[in-house]
Amino acid sequence: MTTLPCGHPGSIGSLRLCPHLAVEEPPSSTRHLTGVGTRYDLVCGECTPADLVDVCASCADRADQRSFPSGWHGEPEVLLRDRELGGTWSARPCPVRPLNDGCLAPMPGHWLALTAEGFVRITDDDQWLIGPVELPEENPVDMRDFPDRPRRSLHTSRDGRFAAVVSDYGQFATVVDLDEWSTVLHLDRDWNDNELTRYPLAFLGEGETAKVVAGTDWNRLDVFALPGGELLTDRETAAPQEGAPEPEHYLDYFQGALQVSPSERSLVVDGWVWMPVGSPLVVDVAAWLAGDVHAAETGRHLTPGRSSDWDTPIAWLDDTTIAIQRMGASWQRMLDGVELYDAQTGRRTGMLAGPAGRMWGHGGLLYVATEAGLEVWDPAEGARIGFAAGFRPTAHSEGTFAELRDDQLRTWTAEA
């Protein structure tokens, strides 16, 4: 069997390295894009692309995971292979004005909007005001760098019984039982740097199993039963005292927006750690609710140390794969695109150049709303496979996308 330049026999790895990177603890490297999709080679600071060699799969994988990236060289290939979208379109007049693009949410068979007057239910042929909803006044903070914050956002439960109004980049949230028209929870996540993240909240289950997981402090999540609001995740998460050891289950992590996996077994948190670096965190919800009381504090940070921006589009591609926008590290040039991660191992499993905008996963595809229109991306093909010009949805439910703009409701349902 042929011995490769790294000194090992075996199959050639998926990328080339300079010889200094084929070691147990490789130094930092620059990713040199080859111009073929998102494929790249790794070059340390002492070498040039002329020094690249083929190495075994093990050495290539180790360097890719452990050699901290110090930037990109070159440009990725963005593959555009648009085909006919198909699907079903609908449009009708609808003089409803959501507060912003985060204030339209799905209900079974229809939609719910949050307007200046309150909740508005929108069906195929009518719309009507349900009633007003209010949040407490935010504590005053210096928002000169964020003049558009805080802002309201709307979440709905899968069965449509519950809705939550949250203060993204703010402190408070309210959960409402729409069937009984009553407030079931007032939530407060404290004021500590909350202007930097969207409010962490997501609904779980439906009917008798309905729950809501939400931020109850800057670094804490809890789960509550609905409609009663009983706390299901009581535990001790004390802060460290000056001069004392850090408590075992203290989490020094700023919670952000939540995205729940299709089966609701896991969720990913779009949060950050000091000093400030984005660090998506995967929480095993099933284990948490089954008795692992500190599962939220012992979640898995995605590796290899995705030192990135936060408050960025995230979507579950399937029950084990998480898609996160932007490629690279935040203190270097980041590229438009998506990195794919395995939720079980935390390892990056692929990349896709191009997507940039609000994003949803459905049926193994990624749907991205841009200023120009809705893009459909196939990670398996590594390409954009469809485009709907001028259609910019802000809500999604089981393959149906909705845009409420200029007094018109437009929807598109993808082919099954």
Side-chain angles (χ1 to χ4, degrees), residues 87-92 94 96-115 118-131 133 152-166 168 173-179 181 198-207 209-214 226-227 257-264 267-268 313-319 357-363 365-369 374 376 388 391-405 408-416:
T88 304
W89 289 92
S90 72
R92 74 165 182 84
C94 185
V96 175
R97 307 283 177 87
L99 290 177
N100 56 58
D101 63 7
C103 289
L104 182 68
M107 303 281 277
H110 55 282
W111 308 92
L112 187 72
L114 178 64
T115 71
F119 290 133
V120 175
R121 195 183 300 268
I122 303 170
T123 62
D124 289 340
D125 54 10
D126 200 3
Q127 60 276 329
W128 61 94
L129 179 68
I130 301 175
V133 61
R152 299 290 189 259
S153 188
L154 177 64
H155 300 260
T156 51
S157 63
R158 190 166 56 195
D159 60 6
R161 177 172 175 179
F162 302 99
V165 177
V166 306
D168 279 343
T174 294
V175 180
V176 176
D177 184 336
L178 297 175
D179 286 358
W181 192 240
R198 288 172 288 165
Y199 200 101
L201 186 141
F203 287 102
L204 304 170
E206 57 185 321
T209 67
K211 305 173 187 69
V212 63
V213 54
L226 297 175
L258 309 181
Q259 297 289 340
V260 179
S261 68
S263 71
E264 299 186 349
L267 62 82
V268 60
I314 296 178
W316 288 84
L317 186 62
D318 53 44
D319 214 48
R358 190 169 189 158
M359 181 169 66
W360 302 269
H362 176 72
L365 303 177
L366 292 172
Y367 296 81
V368 181
L374 180 66
V376 185
F391 180 55
R392 300 185 296 278
T394 61
H396 165 253
S397 176
E398 298 180 349
T400 296
F401 299 84
E403 172 191 53
L404 184 51
R405 186 177 288 113
Q408 186 179 55
L409 174 67
R410 297 179 67 202
T411 68
W412 173 68
T413 302
E415 290 182 335

If every non-hydrogen atom of [X] is compared with every non-hydrogen atom of [Y], which pair is closest and at what distance?
{"X": "Thr123", "Y": "Arg92", "result": "O-NH2, 2.8 Å"}
{"X": "Ala369", "Y": "Trp360", "result": "CB-CZ3, 4.0 Å"}
{"X": "Val96", "Y": "Ala113", "result": "CG1-CB, 3.9 Å"}
{"X": "Pro393", "Y": "Leu374", "result": "CG-CD1, 3.8 Å"}
{"X": "Pro106", "Y": "Thr156", "result": "O-OG1, 2.6 Å"}
{"X": "Ala164", "Y": "Leu201", "result": "CB-CD2, 3.7 Å"}

Inset, instruction - Test side chain to side chain contact (heavy atoms under 4.5 Å, CB included) on Leu204 and Val212 and set out the steps. - result: CA-CA 6 Å; Leu204 304 170; Val212 63; over 6 Å; no

[X] atom [atom1]: more than 12 heavy-atom contacts under 6.0 Å:
{"X": "Arg392", "atom1": "CZ", "result": "yes"}
{"X": "Asp179", "atom1": "CG", "result": "yes"}
{"X": "Glu398", "atom1": "CD", "result": "no"}

Heavy-atom distance under 4.5 Å between the side chains of [X] and [Y], does that happen here?
{"X": "Tyr199", "Y": "Ser153", "answer": "no"}
{"X": "Cys103", "Y": "Thr115", "answer": "no"}
{"X": "Leu178", "Y": "Phe119", "answer": "yes"}
{"X": "Leu114", "Y": "Val133", "answer": "yes"}
{"X": "Asp159", "Y": "Phe203", "answer": "no"}

How long is the gap from [atom1] on [X] to [atom2] on [Y], to the nearest 0.5 Å?
{"X": "Ser157", "Y": "Leu226", "atom1": "OG", "atom2": "CG", "value": "8.0 Å"}
{"X": "Thr400", "Y": "Trp412", "atom1": "OG1", "atom2": "CH2", "value": "9.5 Å"}
{"X": "Arg405", "Y": "Phe391", "atom1": "CZ", "atom2": "CZ", "value": "9.0 Å"}

Inset, instruction - Sequence neighbours left out, what passes ring pair (Phe, Tyr, Trp, His ring centres under 6.0 Å) with Tyr367? Give chain and number order. - result: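 If we apply the ring pair (Phe, Tyr, Trp, His ring centres under 6.0 Å) test to Tyr367, skipping adjacent residues, the hits are Phe401.
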
Legend entry - With sequence neighbours excluded, residues passing ring pair (Phe, Tyr, Trp, His ring centres under 6.0 Å) with His362: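 For His362, the residues satisfying ring pair (Phe, Tyr, Trp, His ring centres under 6.0 Å) (neighbours in sequence not counted) are His396.
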
Legend entry - Leu112, Leu154, Ile122 screened by side-chain contact (heavy atoms from CB on, under 4.5 Å) with Leu104, the one that passes: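 It is Ile122; the other options fail the test.
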
Inset, instruction - Look at Arg161 together with Asp177 and state whether they make a salt bridge at an N to O cut-off of under 4.0 Å. - result: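 Asp177 and Arg161: salt-bridged.
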
Legend entry - Check against side chain to side chain contact (heavy atoms under 4.5 Å, CB included), Thr394 and Arg358: CA-CA 8 Å; Thr394 61; Arg358 190 169 189 158; 3.9 Å; yes

Inset, instruction - Report the C-alpha distance between Thr411 and Ser90 in whole Å, list the side-chain angles of each, state the deciding distance to 0.1 Å, and finish with yes or no for side-chain hydrogen bond (donor to acceptor under 3.5 Å, both in side chains). - result: CA-CA 5 Å; Thr411 68; Ser90 72; 2.4 Å; yes

Inset, instruction - May I ask you to decide if His110's main-chain N or O and Asp124's side chain share a donor-acceptor pair within less than 3.5 Å? - result: no

Legend entry - For Arg158, all residues meeting salt bridge (Lys or Arg N to Asp or Glu O under 4.0 Å), sequence neighbours excluded: Glu206, Glu264

Inset, instruction - Begin with the C-alpha distance, continue with both residues' side-chain angles, and end with the deciding distance and a verdict on side chain to side chain contact (heavy atoms under 4.5 Å, CB included) for Gln259 and Trp316. - result: CA-CA 8 Å; Gln259 297 289 340; Trp316 288 84; 3.9 Å; yes

Legend entry - Check against side chain to side chain contact (heavy atoms under 4.5 Å, CB included), Gln127 and Cys94: CA-CA 8 Å; Gln127 60 276 329; Cys94 185; 3.6 Å; yes

